[in-house]
Structure formats: structure tokens, C-alpha cells
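Structure first, commentary second.
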Amino acid sequence: MRSVRITGTGQLLELQRQLRRAGRENIRASMQRRIRRAAEPLRDDLQDAIRGLDIRSRGRGTGKRGGPSPTTRPLRATIAAAIRISVRTSAGSAGARVWVDRSLLPRDIADSGLLKQINEGRVRHPVFANRSRWAQQNATPLWWDNTVRRGLPRMEREVTRVLDDIQRRIG
């Protein structure tokens, strides 16, 4: 699973230089706020997609033991809460980025490759941390990629509109 970046690097950097020369810090802050707002619908769509993602297993066979989950944290809500937006105007990484902040995830989720597995549609994990017994669960594949594919054009249009508006204001 990759982060999503909207960059108009050349146009954005030139606009930032013009704003600095003009000394218009409030326009610069407004531009960053508006670019962040342009990314919010995509972030919200991604959060909704993971919260509503159907993750299923074949279930236990007859005679198999089972029990409650050893953790009380809701997996999908935890991942949804870690989806973030960042807006940068520096030379190397100008633009908006929607990403999963792994530092907000529990260590076992962040380090396990689980996010990639969920996006691929197949989650394989040990049963109750017993590494000699494994289970497989299936999810709708490419939930991240498909949501990004649907939301990216809207975000790109809005960022372009914001940059054009700011250029007209300082022009």
C-alpha cells in the first residue's frame, strides 16, 4: 500500500517563491489550508472504505476450538484513525500526501505487513499467536488502490483550482 501524493511541484514551488517575495504569509497559509481541504475527501473515502471492508474467514470446522479475540482493539477502526494528510511546500516534496501513519498503529500491525495483505485481499495470520497454526481471511482486494483511483481526479482538480486562484491573487 503506497501513500498518495498530489504534486504540481514546478507550479507549486514557483508560486511559493512568488509568495515569499511578495511577503504574503496569509495567502501562503490559506493555500496550504485549501490544499489540505482538497485532500480531505480522499482521506475520508479511504477511512470509510477500511471501516466498511468485509474481512471474512471460512469459519471453524466442527470440533475445532475457538474463543474470543485476544485483543479488544477494532482492527479496521484502528487503521482508519491512522490515515493522515500532510501538505508540504518544500522543494523536494511539494504537494499533498494521504498516507497511513504507521506510528499511530499498534506495533504488531505496523510491523507485520498486514496493511499490504489487506489491500491484496488475503490476510494470513497465526491463530491466537500460535505460530504453528495459521488461518486465512479474505477481504475485498485493492480497497486502497481502488479508492485512490476514484478520488484522485477530484483531488487533482481541486489542487489545480487552488493554485490557479492563488496565482490570480498575486498576479
Side-chain angles (χ1 to χ4, degrees), residues 1-13 15 31-60 69-129 131 133-166:
M1 210 165 50
R2 302 171 319 233
S3 64
V4 180
R5 291 176 191 239
I6 293 294
T7 57
T9 312
Q11 185 181 10
L12 185 59
L13 291 175
L15 190 56
M31 180 180 71
Q32 288 177 320
R33 187 174 50 253
R34 289 176 65 191
I35 290 173
R36 175 176 294 279
R37 278 197 206 123
E40 285 174 356
L42 179 57
R43 181 207 51 206
D44 295 344
D45 290 348
L46 286 165
Q47 288 174 331
D48 291 343
I50 188 65
R51 281 188 193 108
L53 189 65
D54 190 25
I55 302 176
R56 297 176 185 241
S57 67
R58 286 186 305 142
R60 291 188 290 269
S69 172
T71 66
T72 56
R73 67 172 184 258
L75 174 66
R76 290 171 284 224
T78 302
I79 294 170
I83 297 175
R84 295 280 183 247
I85 300 171
S86 62
V87 176
R88 293 203 175 118
T89 56
S90 62
S93 59
R97 180 177 171 217
V98 180
W99 54 292
V100 176
D101 186 351
R102 292 177 188 265
S103 70
L104 297 175
L105 295 172
R107 187 176 187 90
D108 60 331
I109 294 175
D111 296 342
S112 68
L114 182 63
L115 297 173
K116 183 179 176 191
Q117 287 184 43
I118 292 173
N119 193 48
E120 290 171 351
R122 179 176 170 253
V123 178
R124 192 167 180 273
H125 60 88
V127 177
F128 296 112
R131 298 194 88 49
R133 294 194 62 204
W134 289 76
Q136 177 177 317
Q137 293 179 285
N138 299 313
T140 306
L142 303 176
W143 70 272
W144 178 274
D145 298 341
N146 291 337
T147 305
V148 167
R149 196 173 297 116
R150 284 190 306 268
L152 203 55
R154 175 181 57 192
M155 187 173 159
E156 288 173 334
R157 281 192 309 273
E158 184 61 24
V159 168
T160 300
R161 191 174 68 76
V162 167
L163 295 177
D164 290 344
D165 287 351
I166 299 295

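All values below come from the heavy atoms of this structure, side chains included, with hydrogens, waters and symmetry mates left out.
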Decide yes or no on side chain to side chain contact (heavy atoms under 4.5 Å, CB included) for Val162 and Arg37, but give the supporting numbers first.
CA-CA 10 Å; Val162 167; Arg37 278 197 206 123; over 6 Å; no
**Asked** Are any side-chain N or O atoms of Arg102 and backbone N or O atoms of Ala110, one a donor and one an acceptor, separated by less than 3.5 Å?
**Response** yes
Can you see whether Gln117 engages Arg124 through a side-chain donor-acceptor pair at a distance of less than 3.5 angstrom?
no
- Considering only heavy atoms from C-beta outward, does the side chain of Ile79 approach that of Leu53 to under 4.5 Å? no
CG of Asp101 to CZ of Arg84, rounded to nearest 0.5 Å, is 6.0 Å
When rounded to the nearest 0.5 Å, the distance separating OG of Ser112 from CZ of Arg107 is 11.5 Å
Tightest non-hydrogen contact, residues Arg43 and Ile85, listed as NH1-CD1, 3.8 Å
All heavy atoms of Ala139 vs all of Ile118, minimum pair found to be CB-O, 4.1 Å
Check against salt bridge (charged side-chain N to carboxylate O under 4.0 Å, His left out), Asp165 and Arg161
CA-CA 6 Å; Asp165 287 351; Arg161 191 174 68 76; 3.4 Å; yes
In Arg51, Arg149, Arg154, the residue satisfying salt bridge (charged side-chain N to carboxylate O under 4.0 Å, His left out) with Asp45 is Arg154
Checklist entry - Would a 4.5 Å heavy-atom cut-off, applied to side chains only, mark Leu115 and Leu105 as touching? => result yes
On a heavy-atom basis, the closest approach of Ala38 and Pro41 is O-CD, 3.4 Å
To the nearest 0.5 Å, atom CG of Asp48 lies from atom OG1 of Thr147 at 9.0 Å
The reported gap from CE in Met155 to CD1 in Ile35 (rounded to nearest 0.5 angstrom) is 9.0 Å
To the nearest 0.5 Å, atom CD1 of Ile55 lies from atom CZ of Arg122 at 14.0 Å
Measure from the side-chain N and O atoms of Gln137 to the backbone N and O of Val123, and report whether any donor-acceptor pair falls under 3.5 Å. no
Exercise for review: Spell out, as yes or no, whether a donor-acceptor pair under 3.5 Å connects the side chain of Asn119 to the backbone of Trp143.
Suggested key: yes
OG1 of Thr140 to CG of Asn146, rounded to nearest 0.5 Å, is 9.5 Å
